[in-house]
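Right, one structure below, let's go through it.
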Amino acid sequence: MKRIICRDAGEVSEIAAAMIAEQIFRNRESVIGLATGSTPEGLYGKLREMYENGDLDFSGVRTFNLDEYYPIRKSNDQSYDCFMRDKLFSHINVKMENIHIPNGECSDPAEECIAYEQMIAEAGGVDIQVLGIGLNGHIGFNEPERELRMDTHPTELTASTIEANSRFFSSIDEVPTKALTMGMGTIMRARSIILLITGAHKAAIAKKIFSGVVTTEVPASFLNLHPNTTVLLDEAAASEL
Ligand code: GLP
């Protein structure tokens, strides 16, 4: 894993946006894997700016999001569908038919996940995958467990993630307890990965992923085995390295 320590979250966003832009310049039909959470919001702001300034064209780009709560209505303002429209998609010229997010409204989650994995394969795989990280080391919604799943799958959220994500909902009881997520294999098959880690509260988990140990207890530690992963940290998140 390549590590870049940035001055602050703004610089993390700038470098990540430049890496995505470079991929789109290389191939205007790139497949970009996207993440939700508060960490990539700054990155999406930069990408919007680049589009508005006429520096970036998303008309050929295809996107696949990492995960979605289950069950959840797309109209729920806490759905990742809504988040992505609000923070990025409705501000750039990506084509609606090129946007993919696991469907939190589906009636058969197992079938939805198989179809999602197949769509990624049919698109030729992910060129560049953006990741944030949970406080417990989860990526997407691959939570710490004795065994991790390879492909896109339905999953249960841990109490720690429900607690961490409750800040976005009016009460903890409203946080869905399940999700649909790309698996560890789906993520590891991406040709390149950018992991964004910002804030002092992420310093302990950042230290763990650079400890030289790979364990299912810290799903993000598997990124150590990926040939082309860049971890962008701000100084606060890197303070224990
Ligand atoms: C959620 C998402 C993850 C994200 C994590 C961290 O649980 N499923 O993809 O990385 O939150 O969120 P934040 O960036 O707000 O700390």
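Every number for a ligand or one of its atoms is a count from 1 in the order of the listing. If you're wondering where the values come from, they're calculated on a predicted model, not measured in any experiment.
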- Query: Just going by heavy-atom distances, which of N65, L34, L195, I133 is nearest to atom 6 (C) of ligand 1?
  - Reply: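 The residue whose heavy atom sits nearest atom 6 (C) of ligand 1 is I133.
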
- Message: Heavy-atom contact check, 4.0 Å cutoff: does G140 meet ligand 1?
- Response: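 The answer is yes: ligand 1 sits under 4.0 Å from a heavy atom of G140.
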
- Query: Are R73 and E105 within salt-bridge range, i.e. N to O under 4.0 Å?
  - Reply: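 Yes.
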
- Examine F83 together with F168 and report whether their ring centres are nearer than 6.0 Å.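 F83 vs F168: aromatic centres not under 6.0 Å.
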
- Enclosure of E111 CD (heavy-atom neighbours >12, cutoff 6.0 Å): no

Closest non-hydrogen protein atom to [atom], residue and atom name please, with distance?
atom                    : value
atom 16 (O) of ligand 1 : K202 NZ, 2.8 Å
atom 8 (N) of ligand 1  : D67 OD2, 2.8 Å
atom 11 (O) of ligand 1 : H138 NE2, 3.9 Å

- Query: Hey, is ligand 1 close enough to T36 that some N/O pair sits below 3.5 Å?
  - Reply: no

Hey, is [X] touching ligand 1 through its side chain, its backbone, both or neither, going by heavy atoms under 4.0 Å?
X    : answer
S38  : both
E143 : neither
Y80  : side chain

